[in-house]
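Have a look at the structure below, then the notes.
The structure presented is a predicted model; accordingly, all values stated were derived computationally and were not measured. These numbers come from the heavy atoms of this one structure, side chains and all, not from hydrogens, waters or symmetry mates.
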Amino acid sequence: PLPPNSPLRTLVPGETITTKDYRRDEVQQMIGDICAYRNGHGCFFPALCWKHSIIEGCRKGDVRKSGATKMWKLLGGLVFPYPGEILLTRDGEEIPTYDELMYGLVRGRSGVVAQYTARINLPWRAEFSVAVLDDSINIEKIREIINAGGLYAGVGAWVNGGFGRYILTS
């Protein structure tokens, strides 16, 4: 949901706006309102982002179940982080909004395009559970796959800056 003070609240579906109608800080706020995951409690990452991180981390880190079986090929139907919206906290408090709006150029199919993403600065913490539907995957292997996700893939945008990296603490 959009914050109550967002200029985007006044838009009618299908209506377009131009940035010349707004100050630069208002435009940045609108972009941040669109690209940040937020609910009534604060910032979060959907469980699907964490699942993608775990699978990609296993692929990039070449984590194997046993012998030649690559874990990332198995995990799509076996690993399910929950709840659906995994809140981010800092010093025990929910993080109400993003810390900074980042701008970068990304190469796309139609050339180089501008990309804005909301960044949450370190330190942050997320607590979630992971359901694993294969009893042959032991707790040590589960720790390894979650840490591989944090090291090799991370969660969210700007992972290369270290902002989306994570480690399993318990």
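- Side-chain contact between I146 and Y166 is present, with at least one heavy-atom pair separated by less than 4.5 Å.
- In this structure, R38 and T97 have side chains that are in contact, with non-hydrogen atoms separated by less than 4.5 Å.
- The aromatic rings of W50 and F128 sit tilted relative to each other, their planes meeting at an angle between 30° and 60°.
- Atom CD1 in I86 sits 11.0 Å away from atom CD in E127 (nearest 0.5 Å).
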For residues 41-48, which side-chain donor-acceptor pairs fall under 3.5 Å, sequence neighbours excluded?
none

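- To the nearest 0.5 angstrom, I142 atom CD1 is 12.0 Å from N147 atom CG.
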Inset, instruction - Verify side-chain hydrogen bond (donor to acceptor under 3.5 Å, both in side chains) between S53 and Y152, making sure each step is shown before the conclusion. - result: CA-CA 8 Å; S53 170; Y152 295 109; over 6 Å; no

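- Under the 4.5 Å side-chain heavy-atom criterion for grouping Ile, Leu, Val, Met, Phe, Trp and Tyr, L168 is connected to V155 within one hydrophobic cluster.
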Inset, instruction - In sequence, state the C-alpha distance, the side-chain angles, and the governing distance for I167 and L151, and then conclude on side-chain contact (heavy atoms from CB on, under 4.5 Å). - result: CA-CA 7 Å; I167 57 170; L151 177 63; over 6 Å; no

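- Here CG of L78 is found 9.0 Å from CD1 of I55. Values are rounded to the nearest 0.5 Å.
- Checking side-chain atoms of R90 against main-chain N and O of I95 turns up no donor-acceptor pair under 3.5 Å.
- Partners of E144 according to the side chain to side chain contact (heavy atoms under 4.5 Å, CB included) rule, which considers only residues two or more places apart in sequence or in another chain, are V63, K141.
- The environment of E94 atom CD is dense: over 12 non-hydrogen atoms of other residues, nucleotides or ligands sit within 6.0 angstrom.
- Applying the side chain to side chain contact (heavy atoms under 4.5 Å, CB included) rule to E140 yields the partners N138, R143; only residues at least two apart in sequence or on another chain are considered.
- For D99 (side chain) and N121 (main-chain N/O), a donor-acceptor pair under 3.5 Å exists by modelled atom type.
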Legend entry - Residues Y37, L88; criterion side-chain contact (heavy atoms from CB on, under 4.5 Å); working and verdict: CA-CA 10 Å; Y37 289 114; L88 303 179; over 6 Å; no

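- Residues K51 and V130 have side chains not in contact (no heavy-atom distance under 4.5 Å, counting atoms from C-beta outward).
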